[in-house]
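Take a look at the structure set out below.
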Amino acid sequence: MSPATREMGGQNMKIAVIGGDGTGPEVTAEALKVLEAIASSEGFTYELQDYDFGGQRYLDSGEILPASAVEELKQHDAIFLGAVGHPDVAPGILEKGLLLELRFQLDQYINLRPVKLYPGVETPLKGKGPDDIDFVVVRENTEDLYCGVGGFLKKGTPEEVATQTAIYSRKGCERCIRWAFQYTQERNNPAGKRLTLVAKTNVLTFGHDLWDRAFQDVAKDFPDVEADYNHVDACCMWMVKNPEYYDVIVTTNMFGDIITDLGAMIQGGMGVAAGGNLNPDPGGTSMFEPMGGSAPKYTGQNVINPIAAIGAMGMLLEHSGQPKAGQRVLDAIQVVTGTKMESQAAGKMGHGTREVGDLVVAALE
Ligand code: IPM
Ligand code: MN
């Protein structure tokens, strides 16, 4: 499909589906159930292509991603990823070989993570409700400590040295910052448009100085957006104490990884937190995923919460030319969390995985 077709609304959306490991396929099935319902209601069509990438394929064949995978995935409008992670695969293999490889190869330079407390969902923050917890983190997704630059010297000896280098480029931070300003402008928060750069300029006086200068430069093009700054440690404090302060946060890859897990907790946990790895450039292919892992111990029991996966599908629609469908999915999720679910924790929802999917479909009507 040409980029032009996508911009026109992706009439026949091509979606690659990587269900993955553990409970990944179960939550993916619910997200696809909701996709089917919203597509017929909104009158758009789509094609799905399944990929068996993940821990099981790696254990069976020794291969993480076949050579053709990236080129094939690029032919799709979007990718839906359930979860990857297998108890028999050592840490780092699938993370680097699959998830980070796809983020980098597809140049998905934005990791978008809404931190929104849905109605009816419990937050550990005392006295805070849905009106207080509603902000978005824009995490740079291709640079920083994630580049894999580093090495060992005298490995395994008492004199061992290890390095791990953070890489920041002007292009890399500027494109992310610019996207974040645009996003803040479009989000148009009635309480005021504010973009907070979260970094550590008082210690990382090279890399985060580059970020800060890029931020100040790009800010000049967005006079209606308040260009704000927090050190990352202070940000963690404010996210807990005054989450209502935030509108949009833009941050580096490593800090973004950490603060979005904090964000996930204040929005009710891994059962609800969703994210998108976006390549917003023309013709780019973006990937959407629930933030939780493969939760092997819950596999096949119909107890895992599919809300995060359904939320990720809503984001996929929003960013693939079907914003109205995406909004309807988000609205339906909130009806279900607000009026039908007892808890967001696996096994405590008051319903099974499939039933929660059915409830979201019913709430679309
Ligand atoms: C995330 C995950 C990944 C990351 C891991 C699995 C490599 O924690 O999406 O936040 O660190 O980006
Ligand atoms: Mn993470």
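Source: prediction; values computed, not measured. Numbering starts at 1 and runs along the sequence shown. Remember, it's 1-based here, ligands and their atoms both numbered in the order they're listed. Worth knowing before you read on, the calculation uses all heavy atoms, side chains too, and leaves out hydrogens, waters and symmetry mates.
Within a 6.0 Å sphere centred on CD of Glu226, heavy atoms belonging to other residues, nucleotides or ligands number more than 12. Atom CD of Glu36 has 12 or fewer heavy atoms from other residues, nucleotides or ligands within 6.0 Å.
Among all protein heavy atoms, the one lying closest to atom 8 (O) of ligand 1 is Asp257 OD1, 3.3 Å. Atom 1 (C) of ligand 1 has as its closest protein heavy atom Arg113 NH2, 3.3 Å. In this structure, the protein non-hydrogen atom closest to atom 11 (O) of ligand 1 is Tyr146 OH, 2.6 Å.
Checking Arg139, Met254, Met291, Arg103 against atom 9 (O) of ligand 1, the nearest heavy atom belongs to Arg103.
At least one side-chain heavy atom of Lys33 sits under 4.5 Å from a side-chain heavy atom of Glu30. Using a 4.5 Å heavy-atom threshold, the side chains of Val250 and Trp179 count as separate.
Neither the backbone nor the side chain of Asn111 has a heavy atom within less than 4.0 Å of ligand 1.
Put simply, the residue from Asp21, Asp50, Asp52 that forms a salt bridge (Lys or Arg N to Asp or Glu O under 4.0 Å) with Arg57 is Asp52.
For Asn302 (side chain) and Thr353 (main-chain N/O), a donor-acceptor pair under 3.5 Å exists by modelled atom type.
Within the 2.8 Å limit, Asp257 places at least one N, O or S atom next to the Mn ion (ligand 2).
Atom numbering of ligand 1 starts at 1 in the shown order; those under 4.0 Å from a heavy atom of Glu95 are 6 (C), 7 (C).
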